[in-house]
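Input: a single structure, listed below in structure tokens.
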Amino acid sequence: MNKIIFGSVIAVLYVLPMMGIESQWGSLKSQLRLFSMIEDNQNPLMDYEGTAIGGKIVYETPVWKNIQGGVGVYGSRYLSDNVSSQRVEPLASNRVSRYVAGLVDTTDLDAQSVGGIGEAYVKYGTPDGSITAGRMKLDTPFMNPQDGRMIPTLEQGVWTRYAVSRTWSVQAGYIDGFWNRNTPEWKSVEDSLGYGYEMGNAPLVTAIKGDYYGNTSSNGLFIGNIRFDDAFLSVDLWDYYVDNIFNLGYVETLFSHPLGAFKMVYGVQFTHQYEVGDGGNAEDNTPNATDVQKAKSYMLKGEKSTTYGAKIATAYEDSKLTFGYTRTTSQGRFLFPREWGKEPFYTFQKREKSDGSGDCNAWLMTLEHDFTQQGVSGLSMMAGYGEYDKSDAKEWRVNKYGTPSYAQWNIDLFYRFHGALKGLRAEYLLTRKVARGETYQIPGAAEYNFIFRKNGMTIHNFILNYDF
């Protein structure tokens, strides 16, 4: 079935540019994507590489009495790769590729293609707001497309937006299903947890692997947002309530103002979450519950976390320099399903997340520049260097994935083509991660569990997107 869907996507993507379809019958918006990735691990660990092609086709009907419908098909297929269920790393407990595997299907490393209906919705809209029901692509601070592979994360449910005034707006929604990035099918909210992604360890003294995939119970995800936004100040307040599992509140305030030829931006953010219900599984609440029973909950009884951050940025002409800091306290691990999106923290960089970390200090400096004034229209870049000071990799209570402290460099280059190639965008992302904390290697022993998939790597990403 995936081969049929993928073939249909590519065939239509090939024909559409020649058709120029957009009329009284509706419109077609499409993207063709080519993604090549190299996962270069330190010796003697094995390397992985893969190149995939795919894209999406989204059809929207004409608007009739404020009502509009849409449907979108997504697909991805390897052109070449060396990822398989048999190509494991024996020096690290037979684990497999973390990054290249995400180009197609992390649930089946032998699969060569994946595809499906990612959007299918009906929307009622007015100049002040809208309500959408069905399958859709949403973008919120924590739940978002995290579109850094071939197919984004997509949601199923009901979503509404309303502009109360020029400066005030609200959003709210109920989500009952996800198509997790890098997976082949839709899942309910409860079954999307851990589907296609590592579950780490339970927050116990001993190393007990998380076992919450298929063992949690929830009636869905409820989200609410209130936003104030004017020329100099914005305040964004969000709440994510995952029934029977956890509640997360988030607020960000940004203030900007000119300072001579510079534009200054200051930001602060605060996140607090706590377990609700039985954390997903009632077994860990029973008297004398075993560690194995506790590993079936997404959050243990009483688990909570607090994260705060600040940033300062200065922009001058076509350049912007930003310094960000994030602190997650020792109260507990920050937990938000990495299956659902990337975090909005000021120290976030592509190719890593903060999910699972507690008692952590992080800082990041980034430089952005557009090269138009240097005579290269369409070329821009972002370079970042960050230090992530985590708790000990074996301190499971505050280090879910056993990740040592590390440093990370990113260099991200973008180029937008013009003329006959308008709509074509190229990106090259270089990521380098090195360990700063204890990796528990014993001289002469083959033990790389705290290095493989976590640090000691260079990742090359080359992406071509053609939108039409």
Side-chain angles (χ1 to χ4, degrees), residues 92-93 95 98-99 102 106 141-143 146 153 180-182 192-213 216 240 242 245-246 248 250 271-275 279-280 284 291 294-300 302-309 326-345 347-362 386-406 408 433 435-440 449-455:
S93 302
R95 293 185 175 184
R98 174 182 173 186
Y99 295 97
T106 56
F142 289 91
M143 184 193 73
Q146 53 177 342
T153 295
N180 293 351
R181 185 182 72 167
N182 319 333
S192 70
L193 299 174
Y195 179 57
Y197 285 74
E198 184 179 355
M199 287 179 279
N201 286 280
L204 307 168
V205 175
T206 55
I208 302 294
K209 292 292 183 183
D211 189 30
Y212 49 82
Y213 172 59
T216 58
Y240 298 79
V242 188
I245 298 180
F246 70 82
L248 180 146
Y250 169 75
T271 305
H272 182 69
Q273 70 173 151
Y274 54 90
E275 176 261 359
D284 72 0
D291 286 353
K294 293 177 180 179
K296 294 181 180 180
S297 289
Y298 184 79
M299 293 186 75
L300 291 188
E303 264 200 280
K304 61 181 67 175
S305 74
T306 299
T307 302
Y308 56 85
T326 302
R327 165 67 178 167
T328 300
T329 70
S330 59
Q331 188 177 39
R333 311 181 297 182
F334 161 74
L335 297 172
F336 196 89
R338 53 183 57 200
E339 296 87 349
W340 298 353
K342 62 181 186 290
E343 305 105 6
F345 299 145
T347 50
F348 170 80
Q349 289 194 89
K350 293 178 180 179
R351 300 297 173 258
E352 195 50 85
K353 296 179 181 178
S354 297
D355 165 50
S357 294
D359 194 13
C360 175
N361 291 284
E387 291 273 354
Y388 302 83
D389 183 17
K390 294 177 173 287
S391 54
D392 187 88
K394 290 186 177 181
E395 190 69 31
W396 312 118
R397 188 185 69 84
V398 284
N399 200 328
K400 177 178 180 177
Y401 300 101
T403 302
S405 299
Y406 67 94
Q408 179 174 337
K433 295 170 64 179
R436 294 288 196 235
E438 177 61 63
T439 58
Y440 291 98
N449 283 322
F450 293 99
I451 296 178
F452 186 64
R453 295 166 56 97
K454 299 172 183 178
N455 51 68

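Since the structure is predicted, the reported quantities are computational estimates derived from the model, not experimental observations.
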Between Val205 and Trp396, is a side-chain contact (heavy atoms from CB on, under 4.5 Å) present by the stated rule, with each step listed? CA-CA 7 Å; Val205 175; Trp396 312 118; over 6 Å; no
Thr328 versus Ser357: any side-chain heavy-atom pair under 4.5 Å? no
Does the cation-pi check pass for Arg98 over Phe452, that is, NZ or CZ under 6.0 Å from the six-membered ring centre and within 45° of its axis? no
For residues Asn449 and Ala92, report the shortest heavy-atom separation together with the two atoms involved. OD1-C, 3.0 Å
Does any non-hydrogen side-chain atom of Leu248 lie less than 4.5 Å from one of Val242? no
Inter-residue atom distance Ser305.OG - Phe336.CZ, 0.5 Å rounding: 11.5 Å
Side-chain touch Leu335/Met299, heavy atoms, less than 4.5 angstrom: yes
Evaluate side-chain contact (heavy atoms from CB on, under 4.5 Å) for Arg181 paired with Tyr197, printing each intermediate quantity in order. CA-CA 10 Å; Arg181 185 182 72 167; Tyr197 285 74; 3.5 Å; yes
Where Lys209 and Ala295 come nearest, the two heavy atoms and their spacing: O-CB, 3.4 Å
Roughly how far, to the nearest 0.5 Å, is CD of Glu352 from CG of Asn455? 9.5 Å
With Glu339, which of Asp355, Asn182, Asn180 fulfils side-chain contact (heavy atoms from CB on, under 4.5 Å)? Asn180
What I want to find out is whether Glu275 reaches Lys304 closely enough, with some N-O distance under 4.0 Å, to be called a salt bridge. no
What one should report as the nearest heavy-atom pair of Phe450 and Ala393 is CD2-CB, 3.5 Å
Compare all side-chain heavy atoms of Leu193 with those of Tyr195 and state whether any distance is below 4.5 angstrom. no
Rounded to the nearest 0.5 Å, what separates atom OH in Tyr298 from atom OG1 in Thr216? 10.0 Å
Under 3.5 Å side-chain donor-acceptor pair for Thr153 and Trp340: no
Ring-ring centroid check Tyr240 Phe142, cutoff 6.0 Å: yes
Checking Gln331 against Tyr274: is there a side-chain donor and acceptor pair closer than 3.5 Å? no
Find out whether Tyr308 and Thr271 are in side-chain contact, i.e. whether some heavy atom of one side chain is under 4.5 Å from a heavy atom of the other. no
Of all heavy-atom pairs linking Ala207 and Asn201, the shortest is C-OD1, 3.7 Å
Strictly by salt bridge (charged side-chain N to carboxylate O under 4.0 Å, His left out), give each pair with a member in residues 387-401 just once, sequence neighbours left out. Glu387-Arg436
Rounded distance [0.5 Å steps], CZ in Phe348 versus NZ in Lys342: 5.5 Å
Could you tell me whether the side chain of Arg338 reaches within less than 4.5 Å of the side chain of Glu198, counting heavy atoms only? no
Can you confirm whether Tyr250 sits close enough to Pro344 that some side-chain heavy atom of one is under 4.5 Å from a side-chain heavy atom of the other? yes
Nearest 0.5 Å please: distance from the CG atom of Asp284 over to the CG atom of Leu204. 9.5 Å
Over all heavy atoms of both residues, which pair between Arg453 and Tyr99 is shortest? Give the atoms and the distance, please. O-OH, 4.2 Å
If you round to the nearest 0.5 Å, how far is CZ of Arg333 from CG of Asn399? 9.0 Å
For Glu343, is there an ion pair with Lys353 - N to carboxylate O distance below 4.0 angstrom? no
Checking Ser330 side chain against Asp359 main chain: does a donor-acceptor pair fall under 3.5 Å? no
Hey, are the side chains of Tyr388 and Lys433 touching, using non-hydrogen atoms and a 4.5 Å cut-off? no
